[in-house]
Amino acid sequence: MSVNIKADILNDAFNVFNDASKKLERQYALLEERIDELNREIAEKNRTMERTRRLTAMGEMAARIAHEIRNPLASIAIFASILERDLDGDSDKKRLASHITKGVKTLDNVVSNMLLFVGSPVAHLNSLDIRDIIDDAIALTGGHDKKGVKVNASFEGQTIIPGDQGLLKQLFLNLFINSFDAMDEGGLLSVRTSVSNPTDGFLWIEVKDDGAGIPKDLLDRIFDPFFSTKERGTGLGLAIVSSIVTAHKGFVDVKSGVGSGTTFVICLPLESEL
Ligand SMILES: Nc1ncnc2c1ncn2[C@@H]1O[C@H](COP(=O)(O)OP(=O)(O)OP(=O)(O)O)[C@@H](O)[C@H]1O
Ligand SMILES: [Mg+2]
């Protein structure tokens with residue numbers, strides 16, 4: 001073999017080696033990029049896990065605080081009602097005492113919503129009359145009721161359904177309070193139950209107000225937790241309504257427009273294996 005041929009072979013081998021090493025370099029660079037990417041993903045996942053851990057701990061703490069608030073709140077409510085009764089002859093002072101009762105009711109509703117939000121409601125079903133639940137919820141709205149706002153309830157057909165008394169009361173309380181809040185100029189809150197089609201197996205409950213209404217672009221967000229247009233709203237009311245309806249295997253719909261009021265329709269199953 002001549003020296004020239006040997007040099008050619010060596011040259012070719014060198015070129016092949018050069019190409020292979022360049023390819024390896026490129027692959028190594030790609031690998032490095034991928035490792036950086038994975039490291040970033042792991043760091044992000046760790047941050048999310050830490051955030052979730054903190055949120056869970058905060059949720060547990062909120063539930064503990066809510067329970068702690070509940071007991072003294074019940075005592076304050078009892079003493080305030082005794083005080084109101086004792087002040088029967090003094091309307092000014094009685095009015096002041098009634099502020100305590102109203103404040104306690106508001107606080108109790110916030111605490112109840114918070115506890116339900118933290119714990120996801122589970123419905124313990126019993127046979128109940130929806131009329132009693134609605135009447136009780138209307139009575140509980142004291143403090144949110146407004147001058148010039150009338151309440152009307154009507155019940156058609158079957159009113160006995162399987163439901164969780166405490167949860168359903170909380171559901172209607174949230175809807176009614178929202179309606180009162182929306183009717184600064186006065187108006188009518190009307191609650192109507194019916195069994196529109198007995199074969200579909202649902203009790204329809206319509207909660208209708210002729211208050212301010214909800215702008216179209218906000219309608220999609222009203223059931224989101226913490227969405228509120230109110231200065232002091234927690235934005236939990238309708239999120240709780242939605243989770244209570246789901247816990248009863250029902251559904252909820254809303255129609256609203258600025259200036260034309262708001263109508264919520266709640267459908268709850270008429271039958272269930274208790
Ligand atoms: N009947 C209604 N009329 C007009 N707007 C309503 C009505 N119900 C709900 N909304 C709108 O939906 C938003 C969310 O309601 P949601 O009950 O969840 O929270 P909130 O009432 O603001 O606060 P919270 O109930 O926790 O005190 C309200 O802030 C309000 O803008
Ligand atoms: Mg509300």
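Only a predicted model underlies this, so the values are computations on that prediction, with no experimental measurement involved. All ligand and atom numbering here is 1-based and tracks the order in the structure.
- Under a 3.5 Å cut-off, the side chain of His248 and the backbone N or O of Pro269 do not form any donor-acceptor pair.
- To the nearest 0.5 angstrom, Met114 atom CE is 6.5 Å from Ile69 atom CD1.
- One hydrophobic cluster, built from ILVMFWY side chains closer than 4.5 Å, cannot hold both Leu140 and Val110; they sit in different ones.
- The closest heavy-atom contact to atom 11 (C) of ligand 1, among the options Val258, Ile222, Asn174, Leu173, comes from Ile222.
- The CD atom of Gln165 lies 6.5 Å from the CG atom of Leu128; values are rounded to the nearest 0.5 Å.
- The pair Glu50-Arg54 meets the salt-bridge criterion, since a charged nitrogen lies less than 4.0 angstrom from a carboxylate oxygen.
- Among protein heavy atoms, the minimum distance from atom 16 (P) of ligand 1 is reached at Leu238 N, 3.6 Å.
- Side-chain atoms of Asp210 do not come within 3.5 Å of backbone N or O of Gly261 as any donor-acceptor pair.
- Nearest protein heavy-atom contact of atom 5 (N) of ligand 1 is Ile214 CG1, 3.2 Å.
- Residues Val241 and Leu218 fall within the same hydrophobic cluster, defined by Ile, Leu, Val, Met, Phe, Trp and Tyr side chains chained together at heavy-atom separations under 4.5 Å.
- Nearest non-hydrogen protein atom to atom 30 (C) of ligand 1 is Thr229 OG1, 3.5 Å.
- Regarding atom 26 (O) of ligand 1, its nearest protein heavy-atom neighbour is Thr234 OG1, 2.4 Å.
- Remark: minimum distance from atom 21 (O) of ligand 1 to any protein heavy atom is reached at Lys230 NZ, 2.7 Å.
- Heavy-atom distances between Leu236 and ligand 1 reach below 4.0 Å in at least one pair.
- Scanning both residues, Val245 and Phe251, for their nearest heavy atoms gives CG1-N, 3.2 Å.
- For ligand 1, the atoms lying closer than 4.0 Å to a non-hydrogen atom of Ser228 are 20 (P), 22 (O), 29 (O).
- Here Glu37 contributes atom CD and Leu30 contributes atom CG; the two are 10.5 Å apart, rounded to the nearest 0.5 Å.
- When the options Phe223, Phe226, Phe117, Phe227 are ranked by their closest heavy atom to atom 14 (C) of ligand 1, first place goes to Phe227.
- Summarising the geometry, atom CD belonging to Gln170 is positioned 6.0 Å from atom CG belonging to Leu116; distances are rounded to the nearest 0.5 Å.
- Of the heavy atoms in Asp209, only side-chain atoms (C-beta onward) come closer than 4.0 Å to ligand 1.
- To the nearest 0.5 Å, atom CD1 of residue Ile134 and atom CZ of residue Phe176 are 5.5 Å apart.
- Ligand 1 has no atom lying under 4.0 Å from any heavy atom of Ala212.
- Looking from atom 17 (O) of ligand 1 to the surrounding protein, the closest heavy atom is Asn178 ND2, 2.8 Å.
- Within ligand 1, the atoms closer than 4.0 Å to a non-hydrogen atom of Ala182 are 3 (N), 4 (C), numbered from 1 in the order shown.
- Residue Leu167 holds its CG atom at 9.5 Å from CG of Leu125, rounded to the nearest 0.5 Å.
- Around the Mg ion (ligand 2), the protein atoms of type N, O or S found under 2.8 Å away are Asn178 OD1, listed by chain and number.
- Shortest contact from atom 19 (O) of ligand 1 to any protein heavy atom: Gly235 CA, 3.3 Å.
- Side chains of Asp129 and Thr159: a donor on one and an acceptor on the other come within 3.5 Å.
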